[in-house]
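Both backbone and side-chain heavy atoms feed into the values below; hydrogens, waters and symmetry mates do not. This one's a predicted model, so the numbers in the text were calculated from it and none came from an experiment.
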Amino acid sequence: MEVPVKMGEWLVSLLLMLIPCVNIVLMFVWAFSDKEKKSKSNFFKAFLIYNAIQVVLGIIWFISYGFMLAELF
């Protein structure tokens, strides 16, 4: 049985996620590192998937909004 991630570790992790650019690097490090606890690794893998979906939907929205604005002029 693996030791769970402590609340202090989560607080530090989430605090580091507030720093721009560092958060992207740390997401990949924590998601794919063999030294991290499995629950933390799985959380950040899911977080990366969620962020990828957000980026794709944002691009689709941006393109469709751009076409909509182009129709007006």
Measure up the Trp10 and Phe43 rings against each other and bin them: parallel (under 30°), tilted (30 to 60°), perpendicular (over 60°).
perpendicular
Would you mind listing every side-chain hydrogen bond (donor to acceptor under 3.5 Å, both in side chains) that reaches into residues 47-68, with sequence neighbours excluded?
none
Met1-Val3 co-clustered via ILVMFWY side chain contacts under 4.5 Å
no
Which pairs pass salt bridge (Lys or Arg N to Asp or Glu O under 4.0 Å) with one or both residues in residues 54-64, sequence neighbours excluded?
none
Are more than 12 heavy atoms, taken from residues, nucleotides or ligands other than Glu71, located less than 6.0 Å from that residue's CD atom?
no
Contacts of type side chain to side chain contact (heavy atoms under 4.5 Å, CB included), residue Leu48, not counting sequence neighbours
Met27, Phe28, Ala31, Phe32
For Leu15, enumerate each residue passing the side chain to side chain contact (heavy atoms under 4.5 Å, CB included) test, keeping only those at least two apart in sequence or located in another chain.
Leu18
Mind jotting down which residue pairs meet the salt bridge (Lys or Arg N to Asp or Glu O under 4.0 Å) criterion with at least one end in residues 27-38? Sequence neighbours excluded, please.
Glu9-Lys37, Glu36-Lys40
Let me confirm one number: the CG-CE distance from Leu11 to Met7, rounded to the nearest 0.5 Å.
5.5 Å
Group every Ile, Leu, Val, Met, Phe, Trp and Tyr by side-chain heavy-atom contacts under 4.5 Å, then state whether Val29 and Ile49 land in the same group.
no
All side chain to side chain contact (heavy atoms under 4.5 Å, CB included) counterparts of Ile63, not counting sequence neighbours:
Ile59, Phe67
Quick check: closest heavy atoms across Leu16 and Val22, and the distance to 0.1 Å?
O-CG1, 4.4 Å
Do the side chains of Val12 and Phe44 join up, straight or via other hydrophobic residues, at under 4.5 Å, putting them in one cluster?
yes
